[in-house]
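Quick notes on the structure that follows.
Everything numeric in this text was worked out from a predicted model, so none of it was measured. Only this structure's heavy atoms are used, side chains among them; waters, hydrogens and symmetry mates stay out.
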Amino acid sequence: MQIVFSVKNEIRCPENAASMFPGAAMLPDGSIIVLFSSGSSFESSDSRLYQARSYDNGQNWMYTGRIYEDVLINSAVPFTGYAKPVLLPDGTCAAVGYGFFRDRLEMGLSDYAEKFGRFPEVKNFVLRSSDNGQNWSAPQWIEHSFPGMEISGPPLVDRGGKIHFFAAPFTLEAQSTGYSFASADGGMSWEQNGEFFHSDHIVPWETRSVELPSGRIVLVIWAFDMKEQKHLSNHLIWSDDGGRNWSAPFDTKLRGQAANFFTHEGKLYLLQARREGTAPGLYLNRISFTPSDTVVCGSDICLWNARGMANQSGRIEQQFAALKFGQPSVLPLSGGEYLLFFWSCVEQNYSVQAWKFRFED
């Protein structure tokens, strides 16, 4: 099986040098939107949430501007938001995410974390659009009793219409718990209904989710050992009761970091950003479950070889500041085609990549 790319587009805010962290959704009018963060530099305090749109299945993209203005936050401190969109059953588009109140405008997030040992104040929010992403509501804060959570993946809409997100508090503490939240009213209110992960030294970053035809919800986490300052392989965790109870983490032995899921011809694939070792890049591996709940991981399929973009060593705060690519996702199109999204950096210019591909024997 081969991956054949037909179109490779770049998406960016024309006024800024750094555009990254894309999330895409197909809307009822047939258009595709991409939400992404953009600022003057990586993690800069002027980073805000922007949007681009395609009316021709990703052949061409049109930059459409900011999602919301700062005045809607009602805060004297600038807010850098990140969010991923998803289409709800009623045709509404909802975007769920997190953001930082930038109380030190001269500092990037990694600089801030290295200096203070923590990130700026984090809050979670929901945006909604009822007109195919033409207009968005003001951010609505998600109220919970935890520090702001790293909702870096798109929310999951299950087959019953509930919305879920899965995340851990976005801190640099060694002890970490991953929580499952659900909403039965389109994201207007949320209930914490489970814990999918707990460790006294490992953090479950960049959690992504998928619902299988059986109703099983599967998560993939970027596991990082805070005590040893060491990247671990991606782990899978699953729930058969809507996110209330969870399996033990399963070690895939796949040395990826930010990862995602997608399905092709009914088969589940794991899509990974691998930033360590001699062959960094984006990789696919088929994932299957046996009747006894053993996970089988298929062989590597390389989507993109990121030569020269491997992780730098050092503490995680320094590594964050030096990342060169990440957050891959795949959006299915008609006719057996797909769109691959990720961000990458070339000579300090960061942009969102939108590449169309298909499988060929």
Task: Identified ring-ring contact (aromatic ring centres under 6.0 Å, His included) counterpart of Tyr82 within the set Phe125, Tyr50, Tyr98 - done: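 Filter result, single survivor: Tyr98.
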Between [X] and [Y], a side-chain donor and acceptor under 3.5 Å:
| X | Y | result |
| --- | --- | --- |
| Arg208 | Ser329 | no |
| Tyr55 | Asn60 | no |
| Asp131 | Ser129 | yes |
| Gln327 | Lys84 | yes |
| Ser110 | Glu43 | yes |
| Ser233 | Arg255 | no |
| Asn9 | Gln353 | no |
| Arg53 | Thr64 | no |
| Tyr179 | His144 | no |

Quick one: does [X]'s side chain have a donor or acceptor within less than 3.5 Å of a partner on [Y]'s backbone?
| X | Y | value |
| --- | --- | --- |
| Glu228 | Asp225 | no |
| Arg118 | Lys115 | no |
| Gln272 | Leu284 | no |
| Thr290 | Thr294 | yes |
| Glu206 | Ser152 | no |
| Ser180 | Phe166 | no |
| Asn285 | Cys297 | no |
| Ser54 | Ile32 | no |
| Asn234 | Ile221 | yes |
| Gln192 | Gly194 | yes |

Task: Stepwise salt bridge (Lys or Arg N to Asp or Glu O under 4.0 Å) test for Glu121 and Lys123 - done: CA-CA 7 Å; Glu121 180 187 359; Lys123 292 205 74 170; 5.6 Å; no
Anything under 30° is parallel, anything over 60° is perpendicular, the rest tilted; go ahead and classify [X] against [Y].
| X | Y | result |
| --- | --- | --- |
| Trp304 | Trp355 | perpendicular |
| Trp238 | Phe250 | tilted |
| Tyr338 | Phe357 | parallel |
| His231 | Trp222 | parallel |

TODO: Examine Phe119 together with Phe100 and report whether their ring centres are nearer than 6.0 Å.
DONE: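 They qualify: ring centres under 6.0 Å apart.
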- [ ] Kindly state whether the ring of Tyr68 and the ring of Trp136 have centres lying under 6.0 angstrom apart.
- [x]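 Between Trp136 and Tyr68, which both carry aromatic rings, the centre distance is not below 6.0 Å.
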Open item on the list: With ring pair (Phe, Tyr, Trp, His ring centres under 6.0 Å) as the criterion, how do Trp343 and Phe21 come out once you've worked through the C-alpha distance, each side chain's angles and the decisive distance to 0.1 Å?
Closed with: CA-CA 6 Å; Trp343 64 270; Phe21 309 137; 5.7 Å; yes
- [ ] State whether Tyr112 and Arg104 meet the cation-pi test: NZ (Lys) or CZ (Arg) under 6.0 Å from the six-membered ring centroid, and within 45° of the perpendicular axis.
- [x]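 No - Arg104 does not lie over the ring of Tyr112 by the 6.0 Å and 45° rule.
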Task: Within 45° cone of Phe289 ring axis and under 6.0 Å: Arg216 NZ or CZ - done: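 That pair qualifies as a cation-pi contact.
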TODO: Tell me, with the steps shown, if Asp70 and Arg48 meet salt bridge (Lys or Arg N to Asp or Glu O under 4.0 Å).
DONE: CA-CA 9 Å; Asp70 287 353; Arg48 299 293 184 267; 2.9 Å; yes
Open item on the list: Applying side-chain contact (heavy atoms from CB on, under 4.5 Å) to Val86 and Leu88, what does each step give before you reach the verdict?
Closed with: CA-CA 6 Å; Val86 69; Leu88 305 184; 4.1 Å; yes
Open item on the list: Determine whether Phe42 and Tyr350 satisfy the following criterion, ring pair (Phe, Tyr, Trp, His ring centres under 6.0 Å), listing intermediate values before the conclusion.
Closed with: CA-CA 8 Å; Phe42 186 66; Tyr350 298 76; 5.2 Å; yes
Open item on the list: Under the criterion side-chain contact (heavy atoms from CB on, under 4.5 Å), I'd like the reasoning laid out for Val210 against Leu156: C-alpha separation, chi angles, the key distance, then a yes or no.
Closed with: CA-CA 7 Å; Val210 66; Leu156 173 71; 5.6 Å; no
TODO: Answer yes if Phe181 and Val157 sit in the same cluster of Ile, Leu, Val, Met, Phe, Trp and Tyr residues linked by side chain heavy atoms under 4.5 Å apart, and no otherwise.
DONE: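 Yes, one cluster joins them.
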Task: Stepwise salt bridge (Lys or Arg N to Asp or Glu O under 4.0 Å) test for Arg244 and Asp240 - done: CA-CA 8 Å; Arg244 294 175 181 81; Asp240 291 315; over 6 Å; no
